[in-house]
There are 2 protein chains.
Amino acid sequence: MEIPDPIKKQVEKKGGLEGIIKLMPEEGELRLQSKIHHSLSDPLRVKILNLLSIQPLCVCLIKEITEVADSKLSYHLSVLKENGMIEGEEQGNWIIYKTTKLGDKFSL
Amino acid sequence: MEIPDPIKKQVEKKGGLEGIIKLMPEEGELRLQSKIHHSLSDPLRVKILNLLSIQPLCVCLIKEITEVADSKLSYHLSVLKENGMIEGEEQGNWIIYKTTKLGDKFSL
DNA sequence: ATAGTAATTCAAATTATCTTGAAATGCTAA
DNA sequence: TTAGCATTTCAAGATAATTTGAATTACTAT
């Protein structure tokens, strides 16, 4: 295979393709990163994350603010929760959701 | 609607639901953020972004390193490009892709 | 017991995304 | 002008994510 010359030199300086591959994150890390990003790949989930970064809230208030159906909200909360962006704590009748440390990193 | 008491007080301190809603990012911003995250919601795309953050490369070398089919690679490059993570520059026979400033922010 | 509220779960339908192989584009060299 | 390489595009099929409404769980108050 031919390769553009300036690239060829730069690549060789880094130990060739082998050298570059060694500098790359592992597959597991790539999967993890992509999952984190997937959890924020929907505008409603970004909205919920930012909402909870302002103020921990019960599902009923999140629902009131976002104006989405119960089951839809529950689904998106579960995606955020499963990916470590938010966590929920039972408090009497309600479940109060709030952002995790990881979630805080991604709120605006 | 009833609301857990501590939450009720905190919400009122922030100007009620109205006050909280005012603190939220706009819909356009939420959409933009979700698109950015979507562009990194696939492990192959995270891999390509990180690869290019090490070293700008022609498509043929990205292909060699990632071992994916031409058309698949092209598709994922286009997603990254359309979302402003990478940019391509023609150089003679080849197109050299590299990360953008935005892309750099998201590489590991 | 009955009804009401908060929240989740489930399966079905819908929609979005990804993969594949073939065809196309554009460029270079013989 | 034919062949070859680098890359993209296209349409079809395959897979995955999201939405919906109904059912369910669990808890409280009547």
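These numbers come from the heavy atoms of this one structure, side chains and all, not from hydrogens, waters or symmetry mates. Chain A is the first sequence line, chain B the second, and so forth, proteins listed ahead of strands; every chain is numbered from 1.
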message: Hydrogens and angles aside, do B/D104 and B/T99 bring a side-chain donor and acceptor to less than 3.5 Å of each other?
response: yes
With a 3.5 Å cut-off and sequence neighbours excluded, list the donor-acceptor pairs that the side chains of residues 46-57 of chain A form with protein atoms.
| unit_1 | atom_1 | unit_2 | atom_2 | d |
| --- | --- | --- | --- | --- |
| A/K47 | NZ | B/E27 | OE2 | 2.7 |
| A/N50 | OD1 | A/L108 | N | 2.8 |
| A/N50 | ND2 | A/V46 | O | 2.8 |
| A/S53 | OG | A/N50 | O | 2.8 |
| A/Q55 | OE1 | B/K14 | NZ | 2.8 |
| A/Q55 | NE2 | B/Q10 | OE1 | 2.6 |

field: Separation of atom CH2 in A/W94 from atom P in D/dA26, rounded to whole Å
entry: 19 Å
message: Please check: side-chain N/O of B/S74 versus main-chain N/O of B/S71, any donor-acceptor pairing under 3.5 Å?
response: no
query: Once you round it to whole Å, what is the distance between C1' of C/dT8 and CG of A/L77?
result: 10 Å
- request: In whole angstrom, give the distance that lies between atom CD1 of B/I95 and atom C1' of C/dG26.
  value: 10 Å
What side-chain donor-acceptor pairs closer than 3.5 Å can you find for residues 75-93 of chain B, not counting sequence neighbours?
| unit_1 | atom_1 | unit_2 | atom_2 | d |
| --- | --- | --- | --- | --- |
| B/H76 | ND1 | B/R45 | NH1 | 3.1 |
| B/S78 | OG | B/Y75 | O | 2.7 |
| B/N83 | ND2 | B/V79 | O | 2.9 |

Rounded interatomic separation in angstrom, taking CG from A/L57 and C1' from C/dA6: 15 Å
Rounded interatomic separation in angstrom, taking CG from A/L73 and P from D/dT18: 14 Å
Heavy-atom protein contacts under 4.0 Å, nucleotides 12-23 of chain C, coded B base, S sugar-phosphate only, - none: -----SBBBBB-
field: Rounded interatomic separation in angstrom, taking CD from A/Q91 and C1' from D/dT28
entry: 17 Å
field: Atom-to-atom span, NZ of A/K63 to C1' of C/dT5 - whole angstrom
entry: 10 Å
message: Without decimals, in angstroms, what is the distance between A/D70 CG and C/dC10 C1'?
response: 15 Å
- prompt: NA contact type, A/N93, heavy-atom cut-off 4.0 Å: base, sugar-phosphate, or nothing?
  reply: sugar-phosphate
Short side-chain N/O contact to D/dT8 OP1/OP2 from B/Y97, under 4.0 Å: yes
- prompt: Given side chains that start at C-beta, do those of A/K9 and A/K13 come closer than 4.5 Å, heavy atoms only?
  reply: no
statement: Nearest heavy-atom approach of B/D42 to B/L44 is OD1-N, 2.8 Å
